[in-house]
2 protein chains.
Amino acid sequence: PATLGRLGCLQLSQSCDLSLPCCADEGSLSSTKCPQISGVRVQLEMQALWQQFDQLGTEMIVTKAGRRMFPTFQVRISGMDPSAEYVLLMDFIPVDSKRYRYAFHSSSWLVAGRADVAAPSRMHFHPDSPARGAQWMKQTVSFDSLKLTNNLLDDNGHMILNSMHRYQPRFHVVYVDPAPNSHLNAYKNFCSFSFPETRFMAVTAYQNHRITQLKIASNPFAKVSHFLCTSPNLINISVPR
Amino acid sequence: PATLGRLGCLQLSQSCDLSLPCCADEGSLSSTKCPQISGVRVQLEMQALWQQFDQLGTEMIVTKAGRRMFPTFQVRISGMDPSAEYVLLMDFIPVDSKRYRYAFHSSSWLVAGRADVAAPSRMHFHPDSPARGAQWMKQTVSFDSLKLTNNLLDDNGHMILNSMHRYQPRFHVVYVDPAPNSHLNAYKNFCSFSFPETRFMAVTAYQNHRITQLKIASNPFAKVSHFLCTSPNLINISVPR
DNA sequence: TGATTTCCACCTAGGTGATAATAT
DNA sequence: ATATTATCACCTAGGTGGAAATCA
């Protein structure tokens, strides 16, 4: 990420209001947005896989050193101004103010009290930022370099999350306005997208065995994946294309 | 590489005139260049290693599938306009019109006739192109994705070279002029750099054993490198930092 | 015979979940 | 008890030169 001074001051809400339907396109109020933003459309990649995880209750490992997400957050973008410059970012907002624990006997998540003090809120800039709309729309945009950590003092630019808390990934498209004083209407120059099926519980170790099995079956980096895919006693785990 | 239509038509010489000293900065005739180009300075990284290879007579493997260069061509750039947009590219020009063969008994290269028909001349765009000067100057620019092939019908965008021919890598900095009709003075909008110590012989298998040994000693991907670095009978091979 | 191709063992580099040890 | 940490074997992915086979 180069100097991003021209982005202005983005005002993003830091909580997910569940009383409103969490629609995939929060930027649909096109009349309030600049033309470089108003037409932007975003499609989640690997949606079937995300949904399969979501049905079981997605868990994402957080470690001190930082751990990648699986599935990886990937989107396909359309409707950008091909010659305009954009910055793409992600953040994670708490789904609620609760701390959870997993009840193995009932295989379900229970509320274990109020949320811990919020972890330092960070933005993850896609490393190709800034780039032109044509570049972003050319192919799938992948956040595979994004890593999750539970280290409050993390110095590697990873996303800091509280273990045993639920999070909603959020994706932002910011138009880099070359005009002077563009900060005066910065609110017109970005839009945000949330995909409910990408919500997850941050954990330091997997709790739900079925999540573990689906990770192994679908992540090529997880060990003995080839065997498990054809193992008869796990035949019920099917991995969507 | 995005659409590069604005680059105009570059006229680059396709031969290396050895009657002139092959200086590192061919773009020093600053009066004929635009301000975004005239100040550009380029420094070869790993120069000591390049020189060590050059003294032995550098060889680079070419394969049908494409092989990376070692050492990798890397440069540090200064003097760009931080906010101007540039494209960085490389090409390879024949050092002479000769075909060579290696005489093992004398451990030297002999002329084996006139050059074969020239391989299709290609440009390799640095994959980060186009980008602003600030981005390019921030850190070393590495062409580690560049691959060499001897396959005349290569379909992977690799650089096509004739085996047993000598080549001079060349590096180009192109200013992406946003002005209309910028093609009219495209010759002002780029500069080129050649580093004599990066010349090499394209081969399908190493000929000079000392080159093989230096590759093994200095390339972390070459096998048993750790052992060879400390092996007493190869103690004469020192790898510069 | 010299040059090229194919295949391979052996690396680097780094992403996995399992496990055992440790912390709270 | 429950949660976290460190370590590890085992993967993916891909860059090496060596050796044997093949080509011209």
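Every value quoted in this text rests on a predicted model; they were computed, and no experiment measured them.
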**OP:** Return the 5'-most residue of the pair S163(B), K147(A) with respect to DNA chain C, ranking by each residue's nearest nucleotide.
**Re:**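 In this pair, the answer is S163(B).
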
Of the listed nucleotides [options], the one nearest the side chain of [X]:
X	options	value
F70(B)	dG17(C), dT12(C), dT16(D)	dT16(D)
N219(A)	dA3(C), dA3(D), dT16(C)	dT16(C)
F221(A)	dG17(D), dC11(D), dT4(D)	dC11(D)
I216(A)	dG17(C), dA3(C), dA3(D)	dG17(C)
Q207(B)	dG15(C), dG17(D), dA3(C)	dA3(C)
T204(B)	dT16(D), dT4(D), dT4(C)	dT4(C)
A222(B)	dT2(D), dT4(D), dG17(D)	dG17(D)

**OP:** Scan side-chain atoms only and decide if D91(B) and H124(B) contain a donor-acceptor pair under the 3.5 Å cut-off.
**Re:**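 No, no side-chain donor-acceptor contact under 3.5 Å.
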
Whole-Å distance separating the [atom1] atom of [X] from the [atom2] atom of [N]:
X	N	atom1	atom2	value
K64(B)	dT5(C)	NZ	P	7 Å
Y206(B)	dG2(C)	OH	C1'	19 Å
R101(B)	dA3(C)	CZ	P	7 Å
M60(A)	dT16(C)	CE	P	10 Å
L110(B)	dT1(C)	CG	C1'	15 Å
N150(B)	dA24(D)	CG	P	13 Å

**OP:** Examine the base of dG17(C) for any acceptor or donor lying under 3.5 Å from a partner atom in the side chain of R67(A), and report the outcome as yes or no.
**Re:**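 Such a pair exists between side chain and base.
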
Original post:
Once you round to the nearest 0.5 Å, how far does OG1 of T198(A) lie from CE of M69(A)?
Top reply: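 Interatomic distance, T198(A) OG1 to M69(A) CE, rounded to 0.5 Å: 6.5 Å.
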
Subject >> From R67(A) atom CZ to L146(A) atom CG, the distance as rounded to the nearest 0.5 Å >> reply: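 R67(A) atom CZ to L146(A) atom CG measures 14.5 Å (nearest 0.5 Å).
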
Original post:
With a 4.5 Å heavy-atom cut-off, do T140(B) and V75(B) have their side chains touching?
Top reply: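 No; the side chains remain at least 4.5 Å from each other.
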
**OP:** Flag the pair R210(A) and E59(A) as a salt bridge only when some basic side-chain nitrogen lies within less than 4.0 angstrom of an acidic carboxylate oxygen.
**Re:**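 The answer is no: the pair does not qualify as a salt bridge.
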
**OP:** For Y102(B), answer base if it contacts any base atom (sugar-phosphate contacts may also be present), sugar-phosphate if it contacts only those atoms, and nothing otherwise; contact means non-hydrogen atoms under 4.0 Å.
**Re:**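 Y102(B): no heavy atom of the nucleic acid under 4.0 Å.
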
